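Being a predicted model, the structure only gives us computed values, none of them experimental. Every heavy atom of this structure was used, including side-chain atoms; hydrogens, water molecules and symmetry mates were not. Each chain gets a letter, A, B and so on, in the order its sequence line appears, and its residues count up from 1.
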Amino acid sequence: MARVFKLTDTAPQTGDYQLDYEALLNKQQLEAVKTFSGPVLCIAGAGSGKTRTLIYRVARMIESGIAPESILLLTFTRKAARNMLNRVAALVGEEGRRVSGGTYHSFASITLRQYGHYLGLPANFSIIDESDCADIINLIRADLGLNKKETRFPQKKTLLDIFSKSVNREQTIEEIIESDYSHFSEHSKDIVVILERFRSYKKDNYLVDYDDLLVFLLRLLQESEEARARINQRFKYIMADEYQDTNGLQARITMLLGGNKKNIMVVGDDSQSIYSFRGARVRNIIEFPQQFDDCQIIKLERNYRSTSRILEAANSLMQHADEGFKKHLFTRREEGEKPAVVCCQDDQEQAMFVAARILELREQGVSLNDMAVLFRSSFHAYQLELELKRRNIPYVKWGGFKFLESGHLKDIIAHMRVVQNPYDQVSWLRILLLLEGIGTQTATEIFRKIKESDNPFELNEIKARPRAKEGLKRLSETLKNAAQLINEKPSRLLDLFAEYYFPILKKRFDDYPKRMKDIDALAMICQRFGDLSEFLSEIALEPPKDSSDNNMIVDSDDDEQLILSTIHSAKGLEWHSVFIIHALEGRFPSFNAFKSEEQLEEERRLMYVAMTRACENLAISYPGTMWDPVSGALLAKPSRFIDESGNDNLETWHISR
DNA sequence: CGAGGGGTTGTTTTT
DNA sequence: CAACCCCTCG
């Protein structure tokens, strides 16, 4: 009898672990945790303890003697990464902090600073965010005279969307225009010209945008064998979370990071893929195993989160979906209450219902922190926000609004950028336009002079109208002072500019006290950084957008707060009680999704994500009728997803006044 | 050329 | 409720 001897390079499993993995995990979770080598696909249904599994896997690796630095954990948000590293540290101690991790974008940023020279990219490149890109595109468009066309020409934001889709979906500009923006097809030549100018602008100014980060990282791994070898040397175990939301570039990056050993574990759930609008491909996770001959597939189907009533409704919804991996979530939790379906008269009544029900639950002892209201798009919550304010219910809103996108903070940051890079055109224009007596013409003219000058902060000689003199002088003085502080902590610079900016703020905005508080909050964040360029690139990469990042943007005297969130931002989280509002055809599913079957599928998965956030209580509500100003239609049909969740699984509630 | 008023527009979702 | 466009006045 021949014996097949299986070679593994897994550390000895002698059982001398500090943690009792067998007792702490279920069978499937344990299997995922114990398998270190080779490719592994872990299909983790909603609430199945995915994060727990990842954390214990890292813990066990470290306990087995694997160097924490050689483990790379790629997650979707930096918040998730930080959260995970904290939990690992709580399990195995400080060693856990040495695990490498972050988003694909932040990983790209760090790696490119180190190895970018292999591509001819200088280490001090600046990362620019979306609105920076939009500003640059605006400059180019004006320069080309394309802003004064008789026929409708796409807005800067739309142009940026087209460029970004083209990168992330790996299609040509023409293809994107044809499929998504066919009404602009007559302009496709001009759009391509703008893209070319945009690219060379970024190259000349050492600017890198979000999409470039991925493109350059992939190129680095593909083209420089030396860089790839060094990176593979460093990272021996790759784990990627939320793999269903990766795009083609990210998938190839993951494969290349795996090197020859292919110690790659990807975790995700094809039913929760909700980012195809920015190029995510469910295919990545579905076809993952086919790229290897020895891929292990582990499914986590036991749900620990929701009551069985909620789970039944969610399962029923997904029976209408075109699923990749068949799975059926089950729970051993109690039955619980049926999810409620609440038909309200209109938007206003819905807001009143949600607010009143929240207060009722609050009376019953549910903390506001354990409740959340979820919606498809952030503006769906406007009415509710008014109602909550009226009733003094404290809340925080996630998604939509971005802290750093507000004008006053961008102004401050523009000043800091100019100190870092005195030839940054977009920032110069921005700060010059703030001055009295200076408009676009003068500002452009001044910048031309600055570009040729050896002493860019010397503005006193510049010719401008008399009323602009005073402002220019003050700006010039401040910038010269700032230049002295360039190697100090960036918060000193920020303080300097905050003082300089205050009179401008006061004149420009009536609500300046509120905006001043934002600037203070930014100063708070800034204190964490020791170096100007570090601050500027971090802030571009992950705009801190809510108080949950311990950024203290919200007054901390309310320790109990209700969460309002877009479903996208609610990913991975859970609450005792969840409200889903505006479940109305045209809102959710959104009008924009009626165009194609795939987009409707994605809306359904979005509803699935929303429903599975709830542990005990779920209420789905909709206004009976509502006027939609965009389409000019009267929306009056409840969302198809309510029916699909199964009438037997739901309980209808009526409102009485 | 700049400032300020007024009207219009159109809003998915995020790194 | 923005951001944007267009207009008029100084």
Is there a donor in the side chain of A:Ser106 and an acceptor in the side chain of A:Thr103, or the other way round, less than 3.5 Å apart?
yes

Taken to the nearest whole Å, CD1/A:Ile539 to C1'/B:dT15 is 15 Å

Calculate the interatomic distance between A:Asn168 atom CG and B:dT15 atom P; express it in whole Å.
13 Å

In whole angstrom, give the distance that lies between atom CG of A:Leu606 and atom P of B:dT14.
10 Å

Would you classify A:Ser590 as touching base, sugar-phosphate or nothing, given that sugar-phosphate means primed atoms plus P, OP1 and OP2, and contacts are heavy atoms under 4.0 Å?
nothing

Touch check for A:Ile438, heavy atoms < 4.0 angstrom, all strands: base, sugar-phosphate only, or nothing?
sugar-phosphate

So, OP1 or OP2 of B:dT13: does either fall under 4.0 Å of a side-chain N or O from A:Ser378?
yes

Base, sugar-phosphate, or nothing for A:Tyr275, non-hydrogen atoms under 4.0 angstrom?
sugar-phosphate

Give the nucleotide from the list B:dT15, B:dG2, B:dT12 with an atom nearest to the side chain of A:Thr440.
B:dG2

Integer-rounded Å distance: C:dG10 P and A:Glu436 CD
17 Å

Under 4.0 Å, heavy atoms only, any strand: does A:Glu602 hit a base, just the sugar-phosphate, or nothing?
nothing

Among the nucleotides B:dG2, B:dT13, B:dT15, which one has an atom lying closest to any side-chain atom of A:Gln441?
B:dG2

With respect to the side chain of A:Ser569, which nucleotide from B:dT15, B:dT13, B:dT14 is positioned closest?
B:dT14

What is the distance from CD1 of A:Ile110 to P of B:dT15, rounded to the nearest Å?
16 Å

A:Asp161 atom CG is separated from B:dT14 atom C1', nearest whole Å, by 11 Å

By nearest-heavy-atom nucleotide on DNA chain B, the more 5' of A:Glu603 and A:Gly437 is A:Gly437

What's the closest nucleotide to the side chain of A:Arg278 if the choices are B:dT13, B:dT15, B:dG2?
B:dT15

For A:Ile274 and A:Asp245 the tightest heavy-atom approach is N-OD1, 3.3 Å

With no hydrogens and no angle check, just 3.5 Å: does a side-chain donor-acceptor pair link A:Asp347 and A:His380?
no

Selected nucleotide, minimal atom distance to A:Asn592 side chain, candidates B:dC1, B:dT12, B:dT15
B:dT12

Begin with the C-alpha distance, continue with both residues' side-chain angles, and end with the deciding distance and a verdict on side-chain hydrogen bond (donor to acceptor under 3.5 Å, both in side chains) for A:Tyr501 and A:Asp411.
CA-CA 8 Å; A:Tyr501 182 65; A:Asp411 288 344; 2.5 Å; yes

Please work out if A:Lys571 contacts a base, only the sugar-phosphate, or nothing of the nucleic acid, heavy-atom cut-off 4.0 Å.
nothing

Could you check whether A:Asn168 and A:Ser164, counting side-chain N and O atoms only, form a donor-acceptor pair closer than 3.5 Å?
yes

Spacing of A:Asp211 atom CG relative to B:dT14 atom C1', expressed in whole Å:
11 Å

Find which nucleotide of DNA chain B each of A:Leu435 and A:His105 is nearest to by heavy atoms, and output the residue with the more 5' nucleotide.
A:Leu435

Check whether any side-chain N or O of A:Lys157 sits under 4.0 Å from OP1 or OP2 of C:dA3, and answer yes or no.
no

B:dT13, B:dC1, B:dT15: which one has an atom nearest the side-chain heavy atoms of A:Thr442?
B:dC1

So if I take every side-chain heavy atom of A:Ser377 and compare against B:dC1, B:dT14, B:dT12, which nucleotide ends up nearest?
B:dT12

Centre of A:Tyr206's six-membered ring, under 6.0 Å away, within 45 degrees of the axis: is that where NZ or CZ of A:Lys203 sits?
no

In whole angstroms, the gap separating P of B:dT11 from CZ of A:Phe379 amounts to 10 Å

Consider the side chain of A:Glu130, meaning its heavy atoms from C-beta on, and name the nucleotide among C:dC4, B:dT13, B:dT14 that approaches it most closely.
B:dT14

